[in-house]
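Protein chains get the first letters and strands the later ones, always in sequence-line order, with residue 1 at the start of each.
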2 protein chains.
Amino acid sequence: MAKAYEKIADELRAQIRAGQLEPGDRLPSEADLIKSSGRSGPTVQQALRVLQAEGLIEKQHGRGTFVRRPRTLVQRTNMRHQWEKDRARAPEQKRLETGSTEHDTGLGVNDLVFHAAYREIEAPKEIAAAMGVDEGTALVERTYRTRYNAERNPFSLVTSHLIRDVVKGNPDLLDETKEPWPGGTWNQLLTVGIEIDRIEDRVTARPPTVEEAEELGLPPGTSVLVLRKTSYDTDNRIVEMSDVTLPGDRTEMLFTTHLERW
Amino acid sequence: MAKAYEKIADELRAQIRAGQLEPGDRLPSEADLIKSSGRSGPTVQQALRVLQAEGLIEKQHGRGTFVRRPRTLVQRTNMRHQWEKDRARAPEQKRLETGSTEHDTGLGVNDLVFHAAYREIEAPKEIAAAMGVDEGTALVERTYRTRYNAERNPFSLVTSHLIRDVVKGNPDLLDETKEPWPGGTWNQLLTVGIEIDRIEDRVTARPPTVEEAEELGLPPGTSVLVLRKTSYDTDNRIVEMSDVTLPGDRTEMLFTTHLERW
DNA sequence: GAGTGGTCTAGACCACTGT
DNA sequence: CAGTGGTCTAGACCACTCC
């Protein structure tokens, strides 16, 4: 006994996969589906909800229901790590020219809008454990939002943590008005004598929280990539840790691993 | 004017985040919520659906609605690539002992169950483009399922593509009954004189398709990590490409990037 | 104003779980 | 059997989009 809403969903899904309904096409209106299926409104709506949760369709209030366009625009690579390290020691003129986000996106500085906020906090349990410090250790927490000039919503949410005692040698590092800092965090760390040796990127996926969906402007039926980036210095200490939330449907992360030759 | 279902969802979400409702706790029954909120059944259900889509709660038919337990069990690292390469040239006895999945999970061969199937196909457009070959090129498509002995559902779905002409020198590579092959794909490639030079891992996230949700046993309100692994040989040719689907809520991918010293 | 999706009601009956 | 969530009906009214 197939459930009524599943039957409706299956039919529409088959049409989308077969290409009878192409990305951008409008689906039959709910009223049409009610008539053609002989089912009630809520049943038809449940069928559409299923497809929406699969990321196949997108509802637009007052306009109709449409087949979603796949999109993967922003690529984020681990080559950026070496690039960022090199840039940290470049002359200031060069450092001013471009940031790591422009490196990823291939855009100029003027196409992007940054916002940064700093505050000092005491390390909560989870952060302390991940950074290998005691709970309550003084940290500098920095949050960043980056968006395209032409768009309303940012395409990444970043929260970065530094250990206060490690960076206090340069008071500018505690001052958010110095952002954007030419040469980025790595140049900041260089000013207090820190060299980064390796990066660990931890990636998981989950549905967005309401707050993330709101800030990133994510429609229902999308996932976020959650990236925790941990930076180790040449003494094998964790000197920075960032949590990055990225929209799953427009981000591709690329990691290249070179292997030893035989 | 706050929507009724949002108000109910907000209240429950606040209780979960505050820890008044802990992971594993049962939420009030729908009947209770109908009474306490003064709203109708469908409205209460919509509130619960919202929380389910956020991955916060889990409904169990006939038992109740529960706060979901966070879980991240399987870790998959890019160190495995070098490890796999080294293993490919190890003596057969050593190669028999363990596979790359055991390497990731830290388990023995007997804790895991593998299933492999081979077939020959003509490269469809998308695959051909990604592998840099002509559409219609003869490929060997291999699908793998790996699961814990104790569990019903696999924790990864793998589809791997090899170029038929590249591997035809060893007929065993076209025979699925030879699986599991000691030393894995890389040893297979070694038998036809191929050495892997670098790996590219591309990661995105999205909600599961119905088929993926079914096979992986994913509850509503979870995402999948989609990994496309491309292997380049020492002549910079693509010799293998795998598409891997992993449950987002129990997988963590770890990529380590070592940087050049100053 | 016509057409679309969004929210909501007040029920009914079914399917699954545990005692 | 009682209690739970799952499905479904037949409507009502609201909010948004586009002409």
Side-chain angles (χ1 to χ4, degrees), chain A residues 1-13 16 21 24-68 152 210 213-214 217-222, chain B residues 1-13 16 21 24-68 152 210 213-214 217-222:
Chain A
M1 194 227 40
K3 281 158 260 179
Y5 75 92
E6 276 186 1
K7 246 185 71 183
I8 301 171
D10 285 349
E11 222 157 84
L12 291 168
R13 191 188 298 110
I16 292 170
L21 287 168
D25 281 0
R26 220 193 72 185
L27 271 65
S29 76
E30 295 189 3
D32 288 347
L33 289 171
I34 290 167
K35 260 177 282 182
S36 67
S37 67
R39 297 296 179 165
S40 72
T43 300
V44 165
Q45 282 167 29
Q46 181 161 4
L48 294 177
R49 242 197 331 267
V50 168
L51 299 177
Q52 194 175 32
E54 289 169 22
L56 278 176
I57 63 170
E58 183 175 355
K59 293 183 164 194
Q60 294 184 30
H61 196 163
R63 300 217 320 123
T65 305
F66 300 83
V67 180
R68 188 110 134 252
R152 224 179 84 262
V210 266
E214 163 73 22
L218 298 175
T222 52
Chain B
M1 190 224 48
K3 280 158 264 181
Y5 74 92
E6 275 186 2
K7 246 185 73 182
I8 301 171
D10 286 349
E11 221 157 85
L12 291 168
R13 190 188 300 111
I16 292 170
L21 286 168
D25 282 0
R26 218 192 74 185
L27 270 65
S29 76
E30 295 188 2
D32 287 348
L33 289 170
I34 290 166
K35 260 177 283 183
S36 67
S37 67
R39 295 299 180 162
S40 72
T43 301
V44 165
Q45 282 167 29
Q46 182 161 4
L48 294 177
R49 242 196 334 264
V50 168
L51 299 176
Q52 194 176 30
E54 289 169 24
L56 277 176
I57 64 171
E58 182 173 357
K59 292 182 164 195
Q60 293 183 29
H61 197 163
R63 300 216 321 122
T65 305
F66 300 83
V67 180
R68 186 111 138 254
R152 222 177 87 262
V210 266
E214 164 73 20
L218 298 175
T222 51

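- Distance CG (A/Leu48) to P (D/dC8): 14 Å, rounded to an integer number of Å.
- Protein atom NZ of B/Lys3 is 8 Å distant from nucleotide atom C1' of C/dG6, rounded to whole Å.
- Here D/dA15 is the nucleotide among D/dG11, D/dA15, D/dT7 with the atom lying nearest to any side-chain atom of A/His61.
- Across the protein-nucleic acid pair, A/Ile34 atom CD1 and D/dG11 atom P stand 11 Å apart, rounded to whole Å.
- Out of C/dA10, D/dG11, D/dC8, the shortest distance to the side chain of B/Ser40 is found at C/dA10.
- Minimum atom distance to the side chain of A/Glu30 is reached by C/dG6, of the listed C/dT4, C/dT7, C/dG6.
- Contact between the side-chain N/O atoms of B/Tyr5 and the OP1/OP2 oxygens of C/dT7 is found at a separation under 4.0 Å.
- The nearest whole Å value for the distance from the NZ atom in B/Lys7 to the P atom in C/dT7 is 16 Å.
- Between B/Gln46 and B/Thr43, the closest side-chain pair of non-hydrogen atoms is not below 4.5 Å.
- With respect to B/Lys7 and B/Asp10, no salt bridge is recorded, no charged nitrogen being found less than 4.0 Å from a carboxylate O.
- We find that NZ of A/Lys35 is positioned 11 Å from C1' of C/dG3, with the value rounded to whole Å.
- Checking B/Gln45 against B/Arg26, the closest nucleotide of DNA chain D that is more toward the 5' end is the one next to B/Arg26.
- The nucleotide whose nearest atom lies closest to any side-chain atom of B/Lys59 is, among C/dT9, D/dG6, C/dG5, D/dG6.
- Between the A/Arg68 side chain and the A/Gly221 main chain, a donor and an acceptor come within less than 3.5 Å of each other.
- For the atom pair CG (B/Leu56) and CG (B/Leu12), the distance works out to 10.0 Å, reported to the nearest 0.5 Å.
- Rounded to an integer number of Å, the gap from B/Leu33 CG to D/dG5 P is 8 Å.
- Rounded to whole angstrom, the span from the CG atom of B/Leu27 across to the C1' atom of D/dT4 amounts to 13 Å.
- No engagement by B/Arg49 is indicated, since no non-hydrogen atom pair under 4.0 Å with the nucleic acid exists.
- Atom pair B/Arg39:CZ and D/dA12:C1' shows a separation of 15 Å (rounding to whole Å applied).
- In this model, the phosphate group of C/dG5 is approached by a side-chain N or O of A/Thr65 to a distance below 4.0 Å at OP1 or OP2.
- Residues A/Glu6 and B/Arg63 each lie close to DNA chain D; by heavy-atom proximity, the contact nearer the 5' end of the strand is made by B/Arg63.
- Nearest-nucleotide positions on DNA chain C place A/Gly62 closer to the 5' end than the other of A/Gly62 and A/Gln52.
- Among C/dC16, C/dT7, C/dA10, the nucleotide with an atom closest to any side-chain atom of B/Gln46 is C/dT7.
- For the pair B/Lys59 and B/Glu30, the salt-bridge criterion is met [side-chain N within less than 4.0 Å of a carboxylate O].
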